[in-house]
Number of protein chains: 2
Amino acid sequence: MFTVEILSIGNELLIGKIANTNAQYLARRITELGGKVTRIIVVGDNLDEIAEAVRESLGRRPSFIITTGGLGPTFDDMTLTGIGRALNLEMVLNEEALRMVRERYEVLSRERGIPFELTPARIKMAILPKNAEPIRNPIGTAPGVRLKIDSTVIYALPGVPSEMRAIFEEYIAPILAKISDRVFAERYLFIEGVPESSLAPILEEAMGKYTDIYVKSHPRVEEGKPHIELHITTYSESRERAESILSAVAEYLKKAVRERGGLVLEKHT
Amino acid sequence: MFTVEILSIGNELLIGKIANTNAQYLARRITELGGKVTRIIVVGDNLDEIAEAVRESLGRRPSFIITTGGLGPTFDDMTLTGIGRALNLEMVLNEEALRMVRERYEVLSRERGIPFELTPARIKMAILPKNAEPIRNPIGTAPGVRLKIDSTVIYALPGVPSEMRAIFEEYIAPILAKISDRVFAERYLFIEGVPESSLAPILEEAMGKYTDIYVKSHPRVEEGKPHIELHITTYSESRERAESILSAVAEYLKKAVRERGGLVLEKHT
């Protein structure tokens with residue numbers, strides 16, 4: 001089973017200007033593809049912080065590190081330099097990346113009817129850590145970047161959500177799907193009339209009885225009515241096996257909850 | 001200026017079930033209160049991961065660490081044990097916390113007309129690392145927790161957003177406001193007709209010319225029309241000084257953008 005750490009870079013996340021929806025998107029997709037996200041880290045647009053976070057992450061030896069943000073043309077887009085510093089790699093102009101950037105701005109110049117110019121800010125997007133490879137950005141100017149270090153592959157993606165998603169779906173998702181040896185599946189139960197603290201021992205019993213499953217309870221209040229959402233998840237070798245485990249666990253939990261006078265609603269996803 | 005690391009605990013964040021809106025809320029509020037969030041970390045419901053993240057965070061010596069999640073009654077609510085393990089602190093039944101939990105369930109039992117019972121799952125919420133103090137949860141069952149370690153104060157808050165916010169606003173925000181020696185202020189400019197790569201040198205100039213300001217550019221597409229959002233932020237000793245710096249920077253940027261043929265719209269917040 002492959003593991004992934006997500007490293008989100010950007011002051012806008014640390015000042016709460018936006019929620020980290022990029023990390024959520026990646027976490028969801030990686031899980032669906034059978035992988036396990038083991039950590040999400042957010043740091044600001046700061047060279048030392050980025051380098052430190054990359055070094056720490058590499059030390060935990062995930063299969064992949066996916067970074068978002070900090071690939072653009074401005075002075076505070078410093079993800080690649082941070083990766084370079086973490087790995088003690090020289091920063092070099094990558095000819096293939098430069099070609100990608102050039103093509104993009106040639107199109108933009110034609111569209112806007114302004115002269116084409118390869119400014120330092122634009123060239124900057126093609127300066128990568130040595131041995132890194134650019135990944136074509138189908139809808140934006142900054143290429144993505146791939147760099148393999150020992151057993152970990154680092155992918156650096158732009159922070160603009162549409163560009164991040166485009167590169168992930170076109171380039172990375174097919175690679176993850178190919179190496180994945182697990183299927184993720186999930187089911188929801190909604191419980192009324194039994195407080196979370198009374199469900200606690202039931203969940204523990206279920207997880208002791210069935211292997212490779214995880215049951216998490218989330219207290220919810222909707223229209224003033226409290227209920228508990230149970231989220232049952234499993235990673236399995238096949239879709240059939242996953243669904244059969246989920247059905248068995250759901251039946252077990254439904255029975256236990258009803259025995260304690262609770263109401264249960266099931267929702268397949 | 002005080003610094004804060006946010007440690008979000010919960011598998012639901014690592015599988016992308018939800019966005020980390022708790023971290024966004026805290027980051028926004030801490031920034032408004034004049035503090036600086038230096039890192040956000042997300043780990044799963046795993047004792048070793050939590051302990052490791054707490055240890056690492058303490059090593060960076062922030063003024064505060066705020067954790068969210070993992071305070072409830074189920075077996076996988078293990079934030080406090082994780083903090084205890086990180087600090088090599090014994091876990092002990094805290095009488096004041098137990099009184100808080102008991103009061104809560106007595107009310108719930110009366111309301112629902114069911115017998116009151118202090119089950120192991122409920123008592124668990126009152127078992128804190130030695131020397132930790134409980135914080136009253138005004139709307140939920142699991143108390144928050146405060147623990148001072150050297151120059152860092154750890155606050156552990158529940159993951160249920162309404163409970164997290166209630167404890168933060170009632171108990172923590174007043175403390176942060178009191179110690180804060182900075183005012184945060186911000187302004188937005190919306191630019192059309194100048195690509196981000198051409199703005200890059202202007203932003204760098206502005207940040208060289210004015211101290212204590214930060215200008216970040218965010219490319220946006222709305223209704224098919226590309227524009228750049230410039231977010232100007234500052235931390236200052238007074239509201240007046242902050243607003244006067246922002247006005248000066250905004251004027252500087254507007255002039256520079258217009259000289260390059262761009263359109264500028266200003267938005268005060």
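Every chain is numbered from 1 and lettered A, B, ... according to where its sequence line falls, protein lines coming before strand lines. These numbers were taken from a predicted model, which means no experiment stands behind them. Just the heavy atoms: all of them, side chains too, but no hydrogens, waters or symmetry mates, feed the values below.
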Just give me the residue among [options] that pairs up with chain A most often, heavy atom to heavy atom, under 4.5 Å.
{"options": "B:Ala23, B:Pro195, B:Gly72", "answer": "B:Pro195"}
{"options": "B:Thr31, B:Ile40, B:Thr119, B:Val43", "answer": "B:Ile40"}
{"options": "B:Glu49, B:Glu52, B:Glu117, B:His218", "answer": "B:His218"}
{"options": "B:Leu108, B:Leu203, B:Ile41", "answer": "B:Ile41"}
{"options": "B:Thr233, B:Val37, B:Ile6, B:Ile30", "answer": "B:Val37"}

Heavy atoms, side chains only, cut-off 4.5 Å: are [X] and [Y] in contact?
{"X": "B:Val101", "Y": "B:Ile123", "answer": "no"}
{"X": "A:Asn22", "Y": "A:Phe168", "answer": "no"}
{"X": "B:Met207", "Y": "B:Ile213", "answer": "yes"}

Of the backbone (N, CA, C, O) and the side chain (C-beta and beyond), which part of [X] lies under 4.5 Å from a heavy atom of chain A, both, or neither?
{"X": "B:Arg60", "answer": "side chain"}
{"X": "B:Val4", "answer": "neither"}
{"X": "B:Thr38", "answer": "backbone"}
{"X": "B:Pro158", "answer": "neither"}
{"X": "B:Tyr214", "answer": "side chain"}
{"X": "B:Lys17", "answer": "both"}
{"X": "B:Thr74", "answer": "both"}

If you look at every heavy atom in A:Asn137 and A:Pro143, which pair is closest and at what distance?
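Looking at all heavy atoms of both residues, the closest pair is CB-CA, 4.1 Å.
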Is A:Leu13 in contact with chain B via its backbone, its side chain, both, or neither, using a 4.5 Å heavy-atom distance?
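Backbone only.
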Any sub-3.5 Å donor-acceptor pair from B:Ser109's side-chain atoms to B:Tyr105's backbone N or O?
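Side chain of B:Ser109 to backbone of B:Tyr105, a donor-acceptor pair under 3.5 Å: yes, one is there.
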Check whether any side-chain N or O of A:Thr79 sits under 3.5 Å from a backbone N or O of A:Gly69 as a donor-acceptor pair, and report yes or no.
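It does hold such a pair.
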Closer than 4.0 angstrom, basic N to acidic O: yes or no for A:Arg28 and A:Glu186?
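Counted as a salt bridge, because a side-chain N and a carboxylate O are separated by less than 4.0 Å.
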A:Arg110 with A:Glu106: basic N within carboxylate O range, under 4.0 Å:
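No salt bridge links A:Arg110 with A:Glu106.
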Do you see a donor-acceptor pair shorter than 3.5 Å between the side chains of B:Arg104 and B:Thr141?
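There is no such pair (donor and acceptor under 3.5 Å, judged by atom type) between the side chains of B:Arg104 and B:Thr141.
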Name the option with the most non-hydrogen atom pairs under 4.5 Å to chain B; the candidates are A:Asp76, A:Asn20, A:Leu199, A:Asp77.
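Ranked by contacts with chain B, first place is A:Asp76.
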